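All of these numbers come straight from a predicted model, not from anything done at the bench. In this chain, numbering begins with 1 at the start of the sequence shown.
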Amino acid sequence: MSWFSSLAPLALAVSAVLASPAPNPYRDQQVLRCTLNDDAQVQHIKSAKLDVWSHHIGLNRPVDIRVNAEQQRALEATGAQCGSFIEDIARLIKTENEPATLDRRQTSDTFFSKYRTYAEINTKIADWAKAYPALFTNLGSIGTTVENRAIPAFKISKGSSSTKKAIWFNGGIHAREWISPATVMYLANVLLTGSDPALAAYLDKVDFYITPVSNPDGYVYTQTDRMWRKNRRKNPGSSCVGTDLNRNFNEHWAVAGTSSDPCDETFPGSGPGSELENKALTSFVTKIPNRLAGIDFHSYGQLILRPWGWTDTAPDNAAKYKALGDGVRDAIRAQSGTRYTSEAGADLYPASGATDDWMNAKAKMVGYTIELRDTGNYGFVLPASQIVPTGNEIVAGVKAFLKYVLANPIPTPSIPPN
């Protein structure tokens, strides 16, 4: 027997291991919807570092929490009133990206039949540059991550840009929120193809700047660890990885809604604007000429969030901000029947160093956050079959957003004291 043939059984064994599916890290996990009635329960959740899926953790309102069986027993031992809301996360993850059958009356582009990888998104950007040279400008990379990935950006415009206002759409700053990059790419597709003429007509008045995946490292990592939220920079002095990029902007950094624990999902980084992704976004947006407004897309909760997020002090022009958010909400409901809630960010939960507050305070533009579908039945694991319906209702919401901000200037609000 040759030395090569003697290694054959070992090679087969290794191949079998590599071919076998990796263990699902979310096996036997579920999402509970709990009502907390004392501060000790809140502290238990924080000290146990449980993954809170809802956008707040407080008393006397529902809180969604991902747990395994042991964590569930410990949580319920505190007296928290919990019920199973998503019974089997692993099953949802397994079926989440099954390709959807597209309704050709809405779109015939199979790119939107499933969630796409970072590489596929970059390929689509390159394809658009070739297919729509009069409308599409590939801006390339606005920065590089710690894992040496490009942060892609592009511009959709028509004719001269010298007098037009500019709008920024941002997607994917939280890695696990897959519907966000999908929706931002869907908006771009509608603008390019003219499938919604009323939205495409805004190209006569507006230039659109789009960063579809602003956390590439995290997004790629969710192919391995589906529930990953942060970026992938190793935190000095800690074994834990990642900063919450939506808490890292230099706008009331670490004032509210963050944790100094590097292992926490809301760790804001080592300082304001410490992360490469935030540096890149800050530099990119502040160089956009004639910038007027922007929307940072997230999931989940079906929410239209206006400033401020870090304080419950109402901004100047609060009535205009409310009217804008309410108009987006109403347009979405008229299109699809889906109910979104319009409210100030801090009314939901306090969060500082966030993209929307930074837009309003520092970039001097009207900044909003939209939390996309759904309200918790799927949470972050929204089936791919909902990409197109979500995209279409957001097209309606964006049209209302554009109509209002172009017709009703909202001056930069003054910054309340801490």
Y221 six-ring centre to R232 NZ/CZ under 6.0 Å and within 45° of normal: yes
Salt bridge (charged side-chain N to carboxylate O under 4.0 Å, His left out) partners of residues 279-304, not counting sequence neighbours, each pair once: none
Any side-chain heavy atom of W308 within less than 4.5 Å of one from P413? yes
Here the pair of heavy atoms bringing I93 nearest to Y26 is CD1-CD1, 3.5 Å
How about OH on Y349, more than 12 heavy atoms from neighbouring residues, nucleotides or ligands closer than 6.0 Å, or not? yes
Side chain N235, main chain G269, donor-acceptor under 3.5 Å: no
Evaluate K234 against V241 for side-chain contact (heavy atoms from CB on, under 4.5 Å), listing each step before the verdict. CA-CA 5 Å; K234 295 179 180 179; V241 173; 4.2 Å; yes
T369 side, atom OG1; R306 side, atom CZ - distance, nearest 0.5 Å: 12.5 Å
Student check: side-chain heavy atoms of I45 and L50 closer than 4.5 Å: yes
Taking E177 for the side chain and S299 for the main chain, is one N or O donor matched with an acceptor at less than 3.5 Å? yes
With the side chain counted from C-beta on, respond yes when F249 and T282 share a heavy-atom pair under 4.5 Å apart, and no when they do not. yes
Please work out which of the three classes, parallel, tilted or perpendicular, describes the rings of W53 and Y300, given edges at 30° and 60°. perpendicular
Identify whether the distance between the nearest side-chain nitrogen and carboxylate oxygen of D326 and R329 falls below 4.0 Å. yes
For T390, which of T338, T183, V395 qualifies under side-chain contact (heavy atoms from CB on, under 4.5 Å)? T183
Exam field: side chain K49 to backbone K46, donor-acceptor pair closer than 3.5 Å: no
Around atom CZ of R333, are there more than 12 heavy atoms from other residues, nucleotides or ligands closer than 6.0 Å? no
If you define the side chain from C-beta out and look only at heavy atoms, does anything of V285 sit under 4.5 Å from M365? yes
Hey, could you give me the CG/CD distance between L276 and E147, rounded to the nearest 0.5 Å? 11.5 Å
What are the two closest non-hydrogen atoms of A331 and A400, and how far apart are they? CB-CB, 3.7 Å
Do the side chain of N290 and the main chain of S162 share a donor and acceptor less than 3.5 angstrom apart? yes
With heavy-atom distances below 4.5 Å as the criterion, would you say the side chains of I410 and Y404 are in contact? yes
Has T117 got a side-chain atom pairing as donor or acceptor with E120's backbone, closer than 3.5 angstrom? yes
Do I65 and Q72 have side chains that approach each other closer than 4.5 Å (heavy atoms only, starting at C-beta)? no
Do K399 and D196 meet the salt-bridge criterion of a basic N to acidic O distance under 4.0 Å? yes
Minimum heavy-atom distance P212-V184, with the two atoms named: CA-CG1, 4.0 Å
Check whether any side-chain N or O of R247 sits under 3.5 Å from a backbone N or O of G257 as a donor-acceptor pair, and report yes or no. yes
Main-chain N/O of S214 paired to E277 side chain as donor or acceptor, under 3.5 Å: no
Can you list everything that forms a side-chain hydrogen bond (donor to acceptor under 3.5 Å, both in side chains) with W168? Sequence neighbours excluded, please. T211
Closest contact, heavy atoms only, N250 versus W358: O-CD1, 4.1 Å
Start with the C-alpha gap between L406 and Y202, add the side-chain angles, then the distance that decides, and say whether side-chain contact (heavy atoms from CB on, under 4.5 Å) holds. CA-CA 10 Å; L406 289 171; Y202 278 102; 3.7 Å; yes
Is there a side-chain contact (heavy atoms from CB on, under 4.5 Å) between K114 and R116? Walk through the geometry before answering. CA-CA 6 Å; K114 60 184 293 188; R116 298 297 173 175; 3.4 Å; yes
When every non-hydrogen atom of A166 is compared with those of Y209, the smallest separation belongs to CB-CE1, 3.8 Å
Regarding K124 and D109, does a basic nitrogen lie under 4.0 Å from an acidic carboxylate oxygen? yes
Any side-chain to backbone donor/acceptor pair from D357 onto G309? Under 3.5 Å, distance only. yes
So with a 6.0 Å cut-off around CG of D204, is the heavy-atom count from everything else above 12? yes
Can any side-chain N or O of N215 pair as donor or acceptor with the backbone N or O of I173 at less than 3.5 Å? yes
How long is the straight-line distance from OH of Y115 back to OG1 of T222, given to the nearest 0.5 Å? 11.5 Å
Heavy-atom closest pair (S352 atom, A254 atom, distance to 0.1 Å) is OG-N, 3.4 Å
Separation of L135 CG from L203 CG (nearest 0.5 Å): 6.5 Å
Whether N360 side chain and D356 backbone form a donor-acceptor pair below 3.5 Å: yes
Candidate list R91, R176, R226, test salt bridge (Lys or Arg N to Asp or Glu O under 4.0 Å), partner E96, passing option: R226
To the nearest 0.5 Å, what is the distance between CG (D316) and OH (Y321)? 8.5 Å
Going from OG on S259 to CD on E265, what distance comes out if it is rounded to the nearest 0.5 angstrom? 10.5 Å
What's the verdict on side-chain contact (heavy atoms from CB on, under 4.5 Å) for W228 and D217, showing C-alpha distance, side-chain angles and the deciding distance? CA-CA 10 Å; W228 189 260; D217 292 348; over 6 Å; no
Judged by modelled atom types alone, do D374 and Q386 share a side-chain donor-acceptor pair under 3.5 Å? no
Compare all side-chain heavy atoms of W253 with those of T258 and state whether any distance is below 4.5 angstrom. no
Is it true that K230 and D244 make a salt bridge, defined as a side-chain N closer than 4.0 Å to a carboxylate O? no
Would you say the side chains of T243 and N248 form a donor-acceptor pair under 3.5 Å? no
Aromatic ring centroids of Y219 and Y118 under 6.0 Å? no
Is the shortest side-chain heavy-atom distance between T107 and S195 below 4.5 Å? no
Would you find more than 12 non-hydrogen atoms of other residues, nucleotides or ligands less than 6.0 Å from E87 atom CD? no
